[in-house]
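Note sheet for the following structure.
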Amino acid sequence: MGKRTHRSRVDLYAAIRRDAKTGLSKRALQRKHGVGYRTIVEALASAWPKGAKAPPKCGSRLDAFKPVIDSWLRDDLDAPRKQRHSATRIFHRLLDEHDATGVVSYGMVREYVATRRREIRVEAGREPADAFIPQEHLPGREAEVDFGEVVIRLRGELVTATMFSLRLSYSGKAVHRVSASAGQEAFFEGHAHAFRVLGGVPTGKIRYDNLKAAVAKVIGFSRQRVETDRWTAFRSHWGIEAFYCQPGITGAHEKGGVEGDIGWFRRNHFVPLPEVDSINELNTLVCSDRRR
């Protein structure tokens, strides 16, 4: 039915446009086809009818109760985790305390709470807001830094060491340095070694997660950090502009390049397990084996 109606309107427009070419005036076209002036104008402007306008959205029956629900969800911010409002509890409170029987349904409440609960937590700084971090890089501008564990055979014994990686975001070139731990000295030494190999410091941001060597405290879900004093001084000396990724899985995509590099380097340069007499000997091998 709808398709035939739409096609008849297309045919009507075609007839109007065809008759207009014969010299009929707009008024004559109105009389001949039994339509209004607006239809004639639209037909002459386009051979294809405009789609029907969507009806205006009607308000929800839940609208009057949303401020109350929001207030309960905000109260939950400081309530024990196991004693916060469920959608069911909110629904029953609306029925018992706000005369909502027959006005709202449980489905309406559940759908609203599922969305609004997280929005309120984000507004209060209790959860990170979804954000898109552009991953477009210019040559020599940005880099990523991380540590990764590697197993080696040191003087005949299996030892777990730590590998520092600084990877340029544009070219993918990475510099590696192995140390006994992921302490602050290894963190600083890795940077200095990378800058010497690369011939300078990236002119843009270097991305970090919340390594203890650099970060003393993470402030909420923001990107603000309380840095260690030695890291602040080291960063100032080298002119490093630090960019801190979001904590946990949320920020994993923000420096996925260096994490992938560490895995690639470990699989391609530490298989089979390297056998060395010292960490310095291992770093000499690492520096001389850059086939990537």
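Quick caveat: nothing in here was measured; it's all calculated off a predicted structure. Heavy-atom basis, side chains included; hydrogens, waters and symmetry copies ignored.
Closest heavy-atom contact between Ala143 and Leu166: CB-CD2, 4.0 Å. When all heavy atoms of Phe91 and Ser105 are compared, the pair lying nearest together is CE1-C, 3.6 Å. Residues Ile240 and Val201 approach most closely at CG1-CG1, 4.3 Å, considering heavy atoms. For Pro49 against Val10, the heavy-atom pair with the smallest separation is CD-CG2, 3.7 Å. Minimum heavy-atom separation, Asp70 to Tyr112: OD1-OH, 2.8 Å.
In this structure a side-chain-to-backbone donor-acceptor pair under 3.5 Å is missing from Thr22 to Arg18. Put simply, the side chain of Arg17 gets close to the backbone of Ala43: a donor and an acceptor are under 3.5 Å apart.
Residues Arg207 and Val258 have side chains not in contact (no heavy-atom distance under 4.5 Å, counting atoms from C-beta outward). Side-chain contact between Ile120 and Asp76 is absent, with no heavy atoms from C-beta onward closer than 4.5 Å.
Of the inter-residue distances, the one linking Glu149 atom CD with Phe270 atom CZ reads 12.5 Å to the nearest 0.5 angstrom. With rounding to the nearest 0.5 Å, the separation of CG in Leu12 from CZ in Arg9 is 6.5 Å. Put simply, CH2 on Trp231 and OH on Tyr208 are 3.5 Å apart, with the number rounded to the nearest 0.5 Å.
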Could you walk me through whether Tyr13 and Thr39 satisfy the side-chain contact (heavy atoms from CB on, under 4.5 Å) test, starting with their C-alpha distance in whole Å, then the side-chain angles of each, then the deciding distance to 0.1 Å, before giving a yes or no? CA-CA 8 Å; Tyr13 274 35; Thr39 300; 4.1 Å; yes
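In this structure, Val104 is a member of the same hydrophobic cluster as Tyr106, with clusters built from ILVMFWY side-chain heavy atoms closer than 4.5 Å. A continuous path of Ile, Leu, Val, Met, Phe, Trp and Tyr side chains, each step under 4.5 Å between heavy atoms, connects Val103 with Trp72, placing both in one hydrophobic cluster. Hydrophobic clustering places Val276 together with Val159 (ILVMFWY residues linked when any side-chain heavy atoms are closer than 4.5 Å, directly or through intermediates).
The number of heavy-atom neighbours closer than 6.0 Å to CD of Glu157, taken from other residues, nucleotides and ligands shown, is 12 or below. For Asp96, the CG atom is densely surrounded, since the number of other residues' heavy atoms within 6.0 Å is greater than 12. More than 12 heavy atoms of other residues, nucleotides or ligands lie within 6.0 Å of CD in Glu281, so this atom counts as buried by the packing criterion.
Taking the six-membered ring where the residue is Trp, Phe195 and Trp238 present tilted rings, their angle falling between 30° and 60°. Between His191 and Phe187, the two ring planes are perpendicular [angle over 60°; tilted spans 30° to 60°].
Ser179 and Glu189 are not linked by any side-chain donor-acceptor pair at a separation below 3.5 angstrom, with hydrogens and angles left out of the test. In summary, the side chains of His176 and Asp261 do present a donor paired with an acceptor at a separation below 3.5 Å, with no hydrogens or angles considered. No hydrogens or angles considered: a donor-acceptor pair under 3.5 Å links the side chains of Asp19 and His33.
The salt bridge (Lys or Arg N to Asp or Glu O under 4.0 Å) search around Lys26 returns none, not counting sequence neighbours. Every residue two or more places apart in sequence or in another chain that forms a side chain to side chain contact (heavy atoms under 4.5 Å, CB included) with Ser25 is listed here: Arg27, Ala28. In terms of the side chain to side chain contact (heavy atoms under 4.5 Å, CB included) criterion, Ala14 has no residue partners (sequence neighbours excluded).
Taking 4.0 Å as the cut-off between side-chain N and carboxylate O, Lys205 and Glu142 do not count as a salt-bridged pair. Look at Arg116 and Glu123 and you find a salt bridge, because one of the NZ, NE, NH1 or NH2 atoms lies within 4.0 Å of a carboxylate O, short of that distance. Under the 4.0 Å criterion applied to side-chain N and carboxylate O atoms, Glu259 and Arg167 are not assigned as salt-bridge partners.
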